[in-house]
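In what follows, chains are A, B, ... by sequence order, proteins preceding strands, each numbered from 1. Only heavy atoms go into these numbers, but all of them, side chains included; no hydrogens, no water, no symmetry mates.
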Amino acid sequence: MTFLRKLALTTALVAGLSAPVAAEDVKFGLLQDFTAVYTFVTGQYNQGQQDYLALANAEGTLGEGNTVTAIVRDTGNQPQRGIEAYNRAKEEGAILFDFLSTPVSAAILDQAQADKNVVITPAHGRGDASDGTVFPYVFPMMATYWAQAAALIEHMKNTGGLEGKKIAIVHIDSPFGREPGPILQALSEQEGFEFQAFPYASPGNEQSAAWSEVRRYRPDYVLIWGAGGGQAVSVRTAIQNGIAPEQIHSVIWLAETDAANVGPQMKGVKRFEATAAGTDHPIIQRIQEKVIDAGKGSGEAANVGNSYYNLGVATMAVAVEAARLGLETGQPLTGETLKAGFEKIAGYDAEGLMPPVTYTAEDHQGGGAGRVSEWDGEKWVPVSEWHAAYPDLIRQVIEKSAADYKAGH
Amino acid sequence: MFYRLSGTYHTSYQADRKLWKIPTDRRLVIALLVLALLAPLYVSPLYLGSYVLPWVIWSAAALSLTLLMGLAGQLHFGFAAVMAIGAYASIHLVRAGVPFELALLLSGLIAAVIGAVFGGAALRVKGLYLVMATLAMQYLVDWVVVNIPAISGGAHATLRTPAVSFLFMPIDSLASRYWLALGWAVLLTVFFMNVKRTSFGRALVAIRDKDFAAAVIGVDPFKTKLMAFFTSSFMGGVTGAILAFCFYRAVTPEQFGFNVSIQLVAMVLVGGLGSVIGSWLGAGFVLLAPIFLTNIISALAASGWVPVSQNFLSHLPLMIYGAMIIGFLLLEPLGLAKIYDNIRKYFLVWPFRHARS
């Protein structure tokens with residue numbers, strides 16, 4: 001038995017050595033904010049990313065001998081630290097970057113484009129980067145904030161109609177909070193509803209002023225657009241002001257932690273999701289089995305299956321798929337071949353964890369599909385199917401904004 | 001031994017009025033300047049672009065702030081807002097067709113005027129109350145930038161700097177951006193050293209020590225305080241423009257947030273209030289120490305020395321950094337500049353024990 005195993009091992013080794021393509025170690029730079037503003041998501045998100053990469057290495061997803069390594073650094077949400085981390089990771093050979101921070105992404109976007117390195121901005125970052133003709137190396141890869149707003153509005157339309165209704169958008173007073181504005185403007189004309197924006201000051205620990213205004217406005221639906229601790233405050237203050245949880249619709253940044261902070265009142269609140277939550281998915285199950293149970297997990301096992309954990313898993317599943325397709329051509333993997341790999345992805349859904357995405361040279365958002373899910377008191381339950389809402393309108397907004405960006409340089 | 005001070009006596013007023021009275025100091029400064037000028041030749045792009053360049057620019061910012069906080073004694077907790085005004089003004093001016101050289105000056109002037117208006121609060125209040133007034137400036141400027149798309153650059157609030165050239169040198173390559181920043185920082189350094197010897201500089205110090213005593217000896221507090229805010233804000237505004245054009249090249253409001261103001265105050269305090277070398281050392285420490293610590297800890301973790309979770313791993317450098325700041329300030333409350341001064345004084349008369357200062 002031992003002899004046989006040795007023989008098999010030796011044969012495998014010899015075969016490996018004589019293989020024509022040298023084994024490649026693909027490096028991804030996950031240079032994120034673990035200590036400042038994005039802490040509400042980064043820990044779980046990054047854990048999901050690292051665990052998926054461990055799974056991909058354990059299963060040999062990238063093909064014989066090829067591995068993928070994550071370079072993980074804290075940037076503290078400071079652009080100058082992000083620039084340092086980017087330059088260093090670039091020297092170490094990273095070809096894909098995920099900053100999960102709007103200021104850091106903004107500071108590096110131009111440099112990464114010039115260096116021909118792929119930057120992924122899943123569920124955050126500039127929406128107009130979905131236009132691959134203007135941003136060839138940036139991949140928002142999932143529904144942008146614009147597509148998220150459209151999906152939530154469409155869900156309201158399907159569940160209670162929009163004609164003559166009033167929507168209050170309660171948002172953090174920052175560029176991020178203002179993202180859904182143009183979409184609401186365009187859709188209000190098309191669907192015949194009225195809306196009003198109610199900003200609250202960053203970071204949103206205190207929102208009672210905004211919500212008493214909302215109460216006076218008597219909205220039929222409420223959109224909340226914030227992140228981190230402010231989200232739980234939004235839901236709680238809304239309910240205190242007589243708004244039913246069922247009326248509340250949130251941007252993607254509302255997760256299990258927020259539900260725990262709000263408590264039982266949270267039941268009925270809806271949010272947009274770009275990836276499914278929970279552990280009931282083949283990839284998550286295999287991570288549990290081959291990574292977590294094998295003691296190779298990168299963080300607390302209790303986080304597995306959380307919304308942000310699964311989001312992180314999905315981002316790396318797509319990135320590894322792109323790397324696999326890029327390596328299939330037989331060329332060494334660089335930023336350019338990785339970009340080409342991304343643009344070959346068609347109908348990939350990470351075994352049901354996310355809606356099928358297809359990237360083309362023009363569309364780096366991958367269709368912008370998502371769905372709405374509702375908190376049932378214990379977990380997020382989907383209440384709509386995966387699909388893209390108002391894709392033509394979103395595309396128009398993307399192209400217009402991208403053209404402005406191009407003209408502004 | 002190094003300084004060979006015995007035998008160097010100033011026999012004329014001219015010699016006594018030199019910026020660097022001791023020949024060794026002079027030679028040291030010249031050597032550093034030559035090294036800094038030649039940096040693009042021997043420093044790798046990684047270190048030049050991510051360490052040296054930001055260090056030079058933040059040193060200029062710290063120098064601008066320390067003129068106000070160290071020399072004139074007026075606390076300012078909204079200095080990032082001053083830099084933001086300079087950065088946004090310069091970009092919009094260049095986009096409107098103003099030559100870059102002129103835009104730099106004008107952006108400094110705009111920042112100076114707005115900074116002096118808020119500095120007007122200093123005529124009435126002092127200390128913590130002035131901190132509150134300058135904080136108000138920080139939040140007001142932030143709010144204006146974020147809420148007026150014409151300033152912030154549209155929906156995503158990112159404004160890219162146009163291509164420019166400075167005195168026929170295109171500000172495009174890393175080396176040219178570095179040289180421009182270095183030139184500005186050196187100019188500020190020389191200016192600062194000279195301000196200390198002018199009547200204006202002495203008036204600032206008098207105001208800092210006791211403003212009504214200064215009034216009694218004939219220093220006009222109204223004029224001097226406003227001048228302090230004006231000068232410092234001018235320097236800060238141009239530094240903001242340099243930061244935008246030479247380092248970030250894409251400006252977002254977060255780059256000039258409240259936390260940046262606090263970082264600038266930390267640079268000035270850790271370096272040593274009102275000190276030139278302290279501004280350089282303080283900027284280097286506050287800016288680069290967290291980066292070095294993060295990289296060291298990550299390298300240790302990668303080799304299995306620190307088996308901890310990613311989350312703790314990210315916070316560990318911050319804990320060490322905080323401990324270092326407390327440690328330095330306990331060891332020498334006057335900042336890094338004083339530590340340097342102690343070492344220098346020791347070597348002035350080395351191998352003997354007592355310095356003459």
> Pairing donors with acceptors under 3.5 angstrom, does anything connect the side chains of A/Glu84 and B/Asn295?
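Per modelled atom types, A/Glu84 and B/Asn295 side chains form a pair under 3.5 Å.
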> Could you look at A/Ser174 and say if it's the side chain, the backbone, both or neither that has a heavy atom under 4.5 Å from chain B?
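Backbone of A/Ser174 only, per the 4.5 Å heavy-atom cut-off to chain B.
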> Would you indicate whether the side-chain heavy atoms of A/Arg178 and B/Asn147 approach each other to under 4.5 Å?
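Yes, side chains in contact.
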> Do B/Phe247 and A/Ile83 have side-chain heavy atoms sitting under 4.5 Å apart?
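B/Phe247 reaches A/Ile83 side chain to side chain.
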> Which value, rounded to the nearest 0.5 Å, describes the distance between A/Asn87 atom CG and B/Leu46 atom CG?
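If we round to the nearest 0.5 Å, A/Asn87:CG and B/Leu46:CG are 6.0 Å apart.
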> Within a reach of under 6.0 Å around CH2 of B/Trp55, are more than 12 heavy atoms found that belong to other residues, nucleotides or ligands?
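Counting neighbours around CH2 of B/Trp55, 12 or fewer heavy atoms of other residues, nucleotides or ligands fall under 6.0 Å, so no.
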> What verdict does the side-chain contact (heavy atoms from CB on, under 4.5 Å) test give for B/Ser298 and A/Arg73, after you've listed the backbone C-alpha separation in whole Å, the side-chain angles of each residue and the deciding distance to 0.1 Å?
CA-CA 7 Å; B/Ser298 297; A/Arg73 287 285 184 287; 3.4 Å; yes
> Assess the side chains of A/Asp74 and B/Thr294: does a donor N or O sit below 3.5 Å from an acceptor N or O?
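Result is no, nothing qualifies.
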> What heavy-atom pair brings A/Ala106 and B/Ala250 nearest, and what distance separates the two atoms?
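Nearest pair, atom of A/Ala106 first, then B/Ala250: O-CB, 3.9 Å.
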> Enter the distance from A/Ser202:OG to B/Trp143:CH2 here, rounded to the nearest 0.5 Å.
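Answer rounded to 0.5 Å: 14.5 Å.
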> Are B/Glu254 and A/Asn77 close enough that some pair of their side-chain heavy atoms sits under 4.5 Å apart?
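Answer no - side chains too far apart.
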> Say you draw a straight line from OH of A/Tyr405 to OG1 of B/Thr158; how long is it, rounded to the nearest 0.5 Å?
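OG1 of B/Thr158 is found 8.0 Å from OH of A/Tyr405.
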> Heavy-atom pairs under 4.5 Å with chain B are the metric here; pick the option from A/Gly43, A/Ala36, A/Pro79 that has the most.
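Of A/Gly43, A/Ala36, A/Pro79, A/Pro79 has the most heavy-atom pairs under 4.5 Å with chain B.
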> Check whether more than 12 heavy atoms from other residues, nucleotides or ligands sit under 6.0 Å from atom CE of B/Met132, and answer yes or no.
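No.
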> Take a 6.0 Å sphere around NZ of A/Lys296 and say whether it holds more than 12 heavy atoms from other residues, nucleotides or ligands.
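No, not enclosed.
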> Between B/Arg249 and A/Asp110, is there a side-chain N and carboxylate O pair less than 4.0 Å apart?
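Salt bridge absent between B/Arg249 and A/Asp110.
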> Can you tell me which portion of B/Pro290 sits under 4.5 Å from chain A's heavy atoms? Options are side chain, backbone, both or neither.
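When you check distances to chain A, atoms from both the backbone and side chain of B/Pro290 fall under 4.5 Å.
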> Side chains of A/Gln80 and B/Tyr51: does their closest heavy-atom pair fall under 4.5 Å?
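Counting from C-beta outward, A/Gln80 and B/Tyr51 never come under 4.5 Å.
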> For atom CD of A/Glu399, decide whether the heavy atoms of other residues, nucleotides or ligands shown that lie under 6.0 angstrom number more than 12.
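Yes - once you tally the heavy atoms of other residues, nucleotides and ligands closer than 6.0 Å, there are more than 12.
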> Give the minimum heavy-atom separation between A/Thr35 and B/Ser314, together with the two atoms involved.
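Where A/Thr35 meets B/Ser314 most closely, the heavy atoms are CG2-O, 3.4 Å.
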> Let me see the working for A/Gln78 and B/Gln263 under side-chain contact (heavy atoms from CB on, under 4.5 Å), right down to the final yes or no.
CA-CA 11 Å; A/Gln78 295 174 14; B/Gln263 266 190 328; 3.4 Å; yes
> Enumerate by number any residue of residues 44-54 of chain A whose heavy atoms lie under 4.5 Å from heavy atoms of chain B; in the absence of such residues, state 'none'.
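The residues closer than 4.5 Å to chain B, in numerical order, are A/Asn46, A/Gln50.
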